[in-house]
Amino acid sequence: MTAPETEQPTILALQGVTKRFGGLTAVGNASFEIKKGEIFALIGPNGAGKTTLFNTITGLYKPTAGQIIFQGRDVTGLKPYRIAHLGIARTFQQIRLFAYMSALDNVRIGEHSRMHAKLWDAVFKTGRARREEAKVTERAMELLEFVGIRQQAHNYARNLPYGHQRRLEIARALASDPRLLLLDEPAAGANPQEKRELMELVQKVRSQDITVLLIEHDMKVVMGISERIVVLDYGEKIAEGKPQEVRTNPRVIEAYLGKSA
Amino acid sequence: MSRQVSSSDSAMRWATGFFRDRNRTIYTILLVGALLFPSIADITTGGEGNHLVSTAADAGVFVLLAIGLNIVVGFAGLLDLGYAAFFAIGAYTYGLLASGLLSGSPLHQEFHFPFWIMLFVAMGVAAAFGAILGAPTLRLRGDYLAIVTLGFGEIVPRIFRFLGAGSPIGNWTGGVNGIAAIDPPTLPFFLTGPWVGAPIQVVKPFDFSDPIAYPMDFYLLILILVVLSIFAVNNLQNSRLGRAWMAVREDEVAAAASGVNTVAIKLLAFSIGASFSGFAGCYYGAKLSTVGSENFEFIVSVTILIMVVLGGMGNIPGVIVGALTISFVNFYVLTNLPDYASSIASTIGLDFLNKSSGDWIGLHDEVQRLNYLIFGLILVVVMLLRPQGLFPSRIREQELEKGTAEEAVFDLREGSPE
Ligand SMILES: Nc1ncnc2c1ncn2[C@@H]1O[C@H](COP(=O)(O)OP(=O)(O)OP(=O)(O)O)[C@@H](O)[C@H]1O
Ligand SMILES: [Mg+2]
C-alpha cells in the first residue's frame with residue numbers, strides 16, 4: 001500500500017492526554033495526530049497504556065488532563081454513545097460481543113445510532129420501521145460478508161469460533177459507519193495465516209475511506225501495514241514516525257529489549 | 001374433511017411450518033384454552049363457573065404484569081423489586097378519578113372519567129413515575145436499582161395508607177379503607193342499546209355493571225388487553241429498541257461503544273415496564289371496584305418476579321405460562337388446599353387431625369397458616385426440576401442442560417423479523 005503523498009487533514013488529534021488511576025499514570029501527556037485515511041499503529045510493551053488510551057478516546061474513561069479533537073471538534077469527556085455517533089468505532093482487546101444474540105443482531109446493534117425507529121414505530125411495526133429494519137438487515141448481512149462470516153449470521157455470537165468473533169467485532173464496529181476505527185489487538189491469538197488475512201481485512205477497511213488506529217504487538221505485522229507508528233512506554237510517547245524510523249529508534253529498542261531481557 | 005387432497009396437503013405443510021415455531025404453538029394453545037375456559041368452567045362446575053371465570057380474569061391481570069416486568073427484567077436485565085408500586089399507582093389513578101372519593105378531599109370535587117381513557121392515563125402516570133424513579137437511579141450501577149425499587153415498593157402503599165382521613169393534608173386516598181365504589185367501564189351505546197339484554201335479550205348484557213354475576217365481561221376485556229399487549233411486546237422485542245435492551249443486558253460497555261445511549265434505553269425499558277403495571281392496575285381497580293393499599297405489598301412484587309423467572313426470563317410465552325402457573329397455585333391450589341386437606345384427612349380416617357388440641361389448631365387452619373411455606377416449597381421443587389424456567393429461550397435451556405456449547409449449532413432464524 002502506498003502512503004498518501006499529499007498531506008491529508010488531521011482526523012484525530014490528542015493534546016497532552018493524561019489518564020491516572022490513583023497514583024498510577026496509565027497514559028501521560030500523550031500528544032499525536034492521525035491523518036485522514038492512514039493506518040496508524042499504536043505499539044508499546046504490556047501495560048504501556050495503549051488500551052487505556054483507546055478507552056479514553058472512546059469516552060469510557062474521562063481523561064485526567066488533555067484534549068481529544070476529532071474532525072476538528074472537541075470530544076473530550078463526551079459519553080461513549082455520543083462519540084460513536086460522531087464516527088469513532090472500536091473493537092476490544094478482550095472480545096466483548098453480545099453473547100446471547102445472533103451475529104446478525106450484533107451487527108444490527110452497531111447500526112442502532114443510524115436508525116430512527118421510535119417507540120411508536122417499534123410497538124406498531126409501522127411501515128417506516130419495517131423498511132428501516134429491512135435496510136439495516138441487508139446492510140448487516142453485507143458487513144458480515146465483508147468480514148467473511150456471512151454464514152454465521154444466525155448463530156449466537158458466543159458459539160462462533162474465536163477468529164470469527166474477532167471479525168464479528170469488526171463488523172459491528174463498521175456498522176456504525178465510522179470515520180475512524182480503533183482496533184485493539186485484532187490479531188491477538190491468531191496464527192500467521194490468520195494474521196495475514198486479518199491485515200488484508202484492515203487494508204480493505206481503509207480502502208473504504210475509514211481511518212484505522214491499530215494496536216498490535218507483532219512487529220512484523222505492524223511494520224508491514226502501518227504508515228505511521230506511535231510508541232508508548234509507561235504511558236509516555238517515546239517515539240513517533242514511519243516504520244523504518246521507529247524501528248531504528250534507540251529508545252524503542254531499549255523499551256522493548258529492556259522489557260524482554 | 002371436505003377439502004381436496006392437494007389443498008389439505010398444503011394446509012398440512014402450512015400447519016407443520018406454523019407449529020414448528022414453538023412459541024406459536026404455545027400461543028395457539030393458550031388462546032384456544034382461554035376462549036374455551038369459560039365454557040369448561042361452567043360445565044365442570046354444573047353452571048357455577050362464574051367464580052372460576054372471575055379468578056381467571058385476575059390471573060389475566062398477573063399475565064399482564066408479568067409481560068410488563070419481563071421487559072424490565074428479562075429484556076433489559078434490570079432488577080425491579082418494587083413493581084407492585086406501579087400497579088398501585090395505576091389502580092389508585094383510576095380509583096381516584098372514577099369514584100366519589102375526591103369529593104371528601106380538600107378539592108370537594110369528584111371525578112368520573114371514562115375507564116377507556118383512564119387506561120391510558122394510568123399507563124402514562126405509572127410511566128412518569130417510572131421515569132422519575134429511574135432517571136437518577138439508572139445512571140448508577142445495576143444493584144442500586146434493586147435497592148431503590150425495593151424502597152419505592154415499600155413507600156408507595158404506605159403513602160396511600162397514610163393520606164387517608166385525618167392526614168395533615170386531608171383525605172386524598174381513603175387511607176386504610178382504600179377506595180370503594182369505583183366506576184365500572186361503560187361501553188358505547190351501540191354495544192349497550194336496548195337490543196342487548198332485557199327486554200329483547202338478543203345477547204347477554206355486556207356492560208361490566210356486575211362483575212360477580214357477569215364476570216365474562218371482565219374476562220373478555222382482560223383477554224383482549226393481554227392479546228394486544230403480546231402483539232405490542234413482541235413487536236418491541238424484535239425492534240431496534242428490543243435489540244438495544246438485550247445488548248445492554250449482555251454487555252453495557254460494548255452497547256455504549258456501539259452507539260447505544262444506555263441510560264436512555266434502560267430508562268425506556270423501566271418506564272414501559274411501569275406503564276404495563278399501571279395499565280394492569282387500572283383494570284384491576286375497575287374489576288374489583290375497590291382498591292386498598294394492602295393489594296400492593298412487597299409479596300405482590302415478588303410474586304410477579306417469580307412468574308417471570310419461573311416461566312423463563314426473556315421469553316414472552318414462557319413468562320405467560322409462568323404467570324398462569326403461579327396464579328393457579330396462588331388462587332386455586334393454595335386457597336383450596338386447607339379444605340382438601342381436612343376432607344382427605346376425614347376420609348382416610350384421620351379425622352382427629354381436623355380437631356384442634358393444644359398448639360395444634362386443626363388441619364384446615366394449620367394448612368392455611370403454612371400457605372407461604374407450601375408456596376415456597378412448590379417453587380423450590382419447580383426450580384429444581386426446571387432450573388431454566390418452564391419455557392426458557394432455547395439457548396439457556398441448552399446451556400443449563402449440557403454445559404457450555406462449543407460449536408455453532410443454534411439457529412436463531414425464527415427470532416429475527418421477516
Ligand atoms: N481501570 C483501571 N484501573 C486501574 N488501573 C488500570 C485500569 N486500566 C488499566 N490500568 C493500568 O494502567 C496501565 C496500562 O494498562 P493498559 O491496559 O492500558 O495497557 P496496554 O498497553 O493495553 O497493555 P497490553 O499490551 O497488555 O494490553 C496498567 O498498569 C494497568 O494495570
Ligand atoms: Mg491492551
Side-chain angles (χ1 to χ4, degrees), chain A residues 55 58-60 79-85 88-92 95-106 108-119 121-125 129-130 132-134 136-137 151-161 164 169 172-173 175-176 182, chain B residues 71 77 127 139 228-229 231-265 268-269 271-272 275 313-314 392-396 398-399 404-418:
Chain A
N55 288 343
T58 53
L60 296 179
K79 290 251 185 311
Y81 81 92
R82 294 273 300 129
I83 291 178
H85 282 218
I88 303 182
R90 69 171 293 175
T91 65
F92 293 88
I95 296 177
R96 301 192 79 133
L97 287 166
F98 307 116
Y100 288 100
M101 295 170 71
S102 68
L104 178 62
D105 273 346
N106 270 268
R108 288 196 287 194
I109 284 290
E111 293 177 79
H112 181 88
S113 59
R114 303 275 173 254
M115 296 177 68
H116 306 284
K118 295 286 181 298
L119 184 57
D121 300 300
V123 169
F124 296 101
K125 225 180 186 179
R130 277 169 207 267
E132 190 175 65
E133 275 298 311
V136 159
T137 305
Q151 77 282 7
Q152 299 280 21
H154 299 291
N155 292 319
Y156 277 109
R158 65 187 298 280
N159 291 325
L160 265 51
H164 286 184
E169 265 212 328
R172 179 180 68 188
S176 67
L182 314 188
Chain B
I71 296 173
R139 288 172 203 284
L228 291 178
S229 302
F231 274 109
V233 176
N234 231 326
N235 285 347
L236 268 176
Q237 185 180 15
N238 295 316
S239 74
R240 164 181 187 251
L241 301 173
R243 230 171 13 238
W245 287 334
M246 280 167 239
V248 166
R249 178 191 72 198
E250 296 293 315
D251 190 328
E252 206 171 325
V253 169
S258 304
V260 176
N261 182 350
T262 52
V263 173
I265 205 82
L268 187 67
S271 304
I272 291 179
S275 74
M313 209 151 45
S393 49
R394 288 203 176 163
I395 185 78
R396 305 259 180 219
Q398 295 277 355
E399 178 172 297
T404 46
E406 244 27 284
E407 322 83 44
V409 289
F410 302 109
D411 192 304
L412 278 169
R413 240 155 300 212
E414 55 177 334
S416 49
E418 309 315 340

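Sequence lines set the chain letters: A, B, ... in the order given, protein chains first and strands last, and positions in each chain run from 1.
Residues that satisfy the salt bridge (charged side-chain N to carboxylate O under 4.0 Å, His left out) test with A:E132, not counting sequence neighbours, are absent from this structure. By the salt bridge (charged side-chain N to carboxylate O under 4.0 Å, His left out) test, A:E169 pairs with A:R172, sequence neighbours left out.
Atom NZ of A:K118 sits about 6.0 Å away from atom CZ of B:R240, to the nearest 0.5 Å. How far NE2 of A:H85 is from CG of B:N261: 7.0 Å, rounded to the nearest 0.5 Å. Note that the CE atom of A:M101 and the CZ atom of B:R243 stand 7.0 Å from one another [nearest 0.5 Å]. Atoms OG and CZ, on B:S239 and A:R130 in that order, are 12.5 Å from each other to the nearest 0.5 Å.
Using a 4.5 Å cut-off between heavy atoms, A:A129 makes no contact with chain B at all. Interface remark: A:A99 contributes backbone and side-chain atoms alike to the contact with chain B (heavy atom separation under 4.5 Å). Using a 4.5 Å cut-off between heavy atoms, B:L236 touches chain A through backbone and side chain atoms alike. For A:R96, the parts lying under 4.5 angstrom from a heavy atom of chain B are both the backbone and the side chain.
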Audit row: A:F98, B:D251, side-chain contact (heavy atoms from CB on, under 4.5 Å) steps and yes/no
CA-CA 6 Å; A:F98 307 116; B:D251 190 328; 4.1 Å; yes
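Across all non-hydrogen atoms, the minimal contact from A:F124 to B:N235 is C-ND2, 4.1 Å. When every heavy atom of A:A84 is checked against every heavy atom of B:A256, the shortest pair comes out as CB-O, 4.4 Å. Considering every non-hydrogen atom in both B:L241 and A:A122, the closest pair reads CD1-CB, 3.9 Å.
Interface check for chain A: of the options B:A232, B:A257, B:A247, B:G242, the most heavy-atom pairs under 4.5 Å are formed by B:A247. Interface check for chain B: of the options A:L60, A:L119, A:L97, the most heavy-atom pairs under 4.5 Å are formed by A:L119.
When atom types are taken as modelled, the side chain of B:E250 and the backbone of A:Y100 share a donor-acceptor pair closer than 3.5 angstrom.
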